[in-house]
Amino acid sequence: MRNLTIQRTKSFVGCLMKVQVYIEDHERFDTVINEVPCRKLFDLKNGEAKSLHISEEAAKIFVIMDQASKNYCNDYYNLPAGTEDVSLTGRNHYNPGAGNPFRFDGVTDEDVLANRKKGGKKGLWILIAALILGVVIGLVSNLDFNLFAVKEKAFTKDGLTLTLTNQFKDVDPGNYVAFYESETLEIMVGTFRDPYGQKPGESVADVTLEEYGWGLIKTNAETARSQLEKDGDLYYYVFDEIFDRKYFTYITYIYKSDDAFWYVDFITEKDNVEEYRDEISQWAHTVTFEGAAQ
């Protein structure tokens with residue numbers, strides 16, 4: 001036996017999605033990728049590394065995003081036979097047509113590079129077909145032919161309602177309660193709920209939003225230099241994080257419902273903040289709750 005370690009380098013691309021790692025196995029396989037029988041090893045979160053024991057036989061190591069896209073949004077590493085431990089690294093790359101796929105680092109294998117190219121072309125055709133289908137459905141269902149009109153759209157999750165636009169969609173929330181992103185706007189929105197009474201006998205219902213906001217700032221290293229600011233009747237603070245060598249700005253608004261504090265992160269690249277600042281303020285003021293505290 002030998003030890004296999006795979007490190008998924010932290011990247012903003014696909015940061016909320018887990019990738020799935022498989023190994024070629026012709027006897028105990030549970031899926032087939034590119035006509036190769038494979039057995040699942042584990043999932044990898046953004047920035048995570050995992051290790052396990054594998055056999056000394058040669059095998060392909062596949063990384064996919066999900067079962068639906070496994071035959072075009074995948075990458076693999078040809079693991080040679082041997083007894084030495086193996087460490088591999090890789091990260092997700094920005095390529096919407098191919099599903100923002102994971103790529104192993106330092107690959108020169110011509111078969112693997114050809115597979116990447118083939119997968120990118122197939123993914124692009126699937127994307128084009130989906131766009132054409134969407135247009136056709138739109139033509140049928142919208143007799144006014146107003147296919148590309150931007151309209152307000154309300155999103156509700158766990159009692160919080162936020163009005164954005166129809167440019168956004170609900171995606172895998174990761175550590176958030178809900179997460180919304182847009183393919184046309186370079187901005188993402190996440191909501192998080194912090195219920196009252198986290199500890200036995202604790203009651204923070206009387207804590208003010210201002211007190212709660214300063215508490216959040218002081219308890220997180222990323223926000224140590226942030227200041228609590230006001231936007232009308234709302235409190236917010238701003239901080240930056242680096243993903244994949246890019247600066248991203250978080251504009252975090254805080255709220256209070258009858259049973260919890262909430263915060264809503266509006267996330268965009270630092271250079272885009274001024275472009276979206278007015279819209280972010282407008283969206284932040286649309287937040288309502290079922291049984292909202294007054």
Side-chain angles (χ1 to χ4, degrees), residues 4-50 52 54-55 57-82 86-137 169 171-172 181-184 186 243-246:
L4 170 68
T5 301
I6 300 180
Q7 167 75 53
R8 181 184 173 189
T9 304
K10 192 174 185 180
S11 168
F12 196 75
V13 178
C15 62
L16 296 177
M17 299 292 291
K18 296 178 182 178
V19 299
Q20 303 174 20
V21 181
Y22 285 80
I23 189 170
E24 181 178 359
D25 191 328
H26 292 259
E27 296 181 357
R28 296 182 295 159
F29 63 92
D30 48 39
T31 193
V32 177
I33 305 172
N34 289 359
E35 301 182 354
V36 178
C38 295
R39 170 174 52 87
K40 187 174 183 178
L41 296 180
F42 46 72
D43 293 330
L44 275 181
K45 298 178 182 178
N46 192 32
E48 187 176 26
K50 286 187 179 179
L52 82 171
I54 61 171
S55 73
E57 299 176 357
K60 288 183 170 67
I61 304 296
F62 282 91
V63 177
I64 65 173
M65 297 300 290
D66 53 46
Q67 288 294 315
S69 63
K70 65 181 180 181
N71 287 321
Y72 67 89
C73 184
N74 69 63
D75 199 34
Y76 70 89
Y77 185 90
N78 278 314
L79 193 66
V86 178
S87 293
L88 304 176
T89 62
R91 62 185 176 90
N92 288 71
H93 288 249
Y94 182 75
N95 186 347
N100 294 332
F102 178 93
R103 297 297 189 223
F104 284 108
D105 296 330
V107 172
T108 58
D109 188 312
E110 292 185 1
D111 290 339
V112 176
L113 298 179
N115 177 68
R116 292 178 179 179
K117 187 174 182 180
K118 180 180 177 181
K121 289 181 178 179
K122 185 174 181 179
L124 180 60
W125 280 112
I126 292 173
L127 178 61
I128 292 172
L131 291 173
I132 293 173
L133 179 61
V135 171
V136 171
I137 292 174
K169 62 181 180 180
V171 299
D172 184 341
E181 67 178 16
S182 169
E183 294 180 355
T184 54
E186 296 176 332
F243 285 96
D244 198 18
R245 290 178 290 183
K246 293 182 180 179

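Treat the numbers as computed from the prediction; the structure is a model and nothing was measured.
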Taking side-chain hydrogen bond (donor to acceptor under 3.5 Å, both in side chains) as the test, write out the residues that go with [X], two or more places apart.
| X | value |
| --- | --- |
| S87 | none |
| D75 | R116 |
| D172 | none |
| S11 | none |

Atom pair [atom1] ([X]) and [atom2] ([Y]), whose distance is rounded to the nearest 0.5 Å:
| X | Y | atom1 | atom2 | value |
| --- | --- | --- | --- | --- |
| F12 | N100 | CZ | CG | 11.5 Å |
| Y72 | M65 | OH | CE | 10.5 Å |
| F62 | L41 | CZ | CG | 12.0 Å |

My understanding is that only residues two or more places apart in sequence, or in another chain, count here; which of them pass side chain to side chain contact (heavy atoms under 4.5 Å, CB included) with V86?
R2, L4, L79, L88

What residues, two or more places apart in sequence or in another chain, satisfy side chain to side chain contact (heavy atoms under 4.5 Å, CB included) together with S182?
Q167, F168, T184, L185

Can you pull out every salt bridge (charged side-chain N to carboxylate O under 4.0 Å, His left out) where at least one residue sits in residues 15-26? Sequence neighbours excluded, please.
D25-R28, D25-R39

Do [X] and [Y] touch side chain to side chain, with heavy atoms closer than 4.5 Å?
| X | Y | answer |
| --- | --- | --- |
| N46 | N92 | no |
| N74 | K70 | no |
| I6 | F42 | yes |
| F104 | I61 | yes |

Heavy-atom pair of closest approach, residues [X] and [Y]:
| X | Y | result |
| --- | --- | --- |
| G47 | Q7 | O-NE2, 3.3 Å |
| D105 | G90 | OD2-N, 3.5 Å |
| R91 | T9 | CB-O, 3.6 Å |

Check ring-ring contact (aromatic ring centres under 6.0 Å, His included) between F29 and all other residues, then give those that pass, not counting sequence neighbours.
none

Test of understanding: with ring-ring contact (aromatic ring centres under 6.0 Å, His included), list the residues that count as partners of Y22, not counting sequence neighbours.
none

N34 side chain to V36 main-chain N or O, any donor-acceptor pair under 3.5 Å?
no

Without swapping roles, check the side chain of K45 against the backbone of R8 for a donor-acceptor pair under 3.5 Å.
no

I'd like to know whether CD of Q67 has more than 12 heavy-atom contacts from other residues, nucleotides or ligands below 6.0 angstrom.
yes

Could you tell me which residues satisfy salt bridge (Lys or Arg N to Asp or Glu O under 4.0 Å) with D43, sequence neighbours excluded, listed by chain and number?
K40

Among residues at least two apart in sequence or on other chains, which ones pass salt bridge (Lys or Arg N to Asp or Glu O under 4.0 Å) with K50?
none

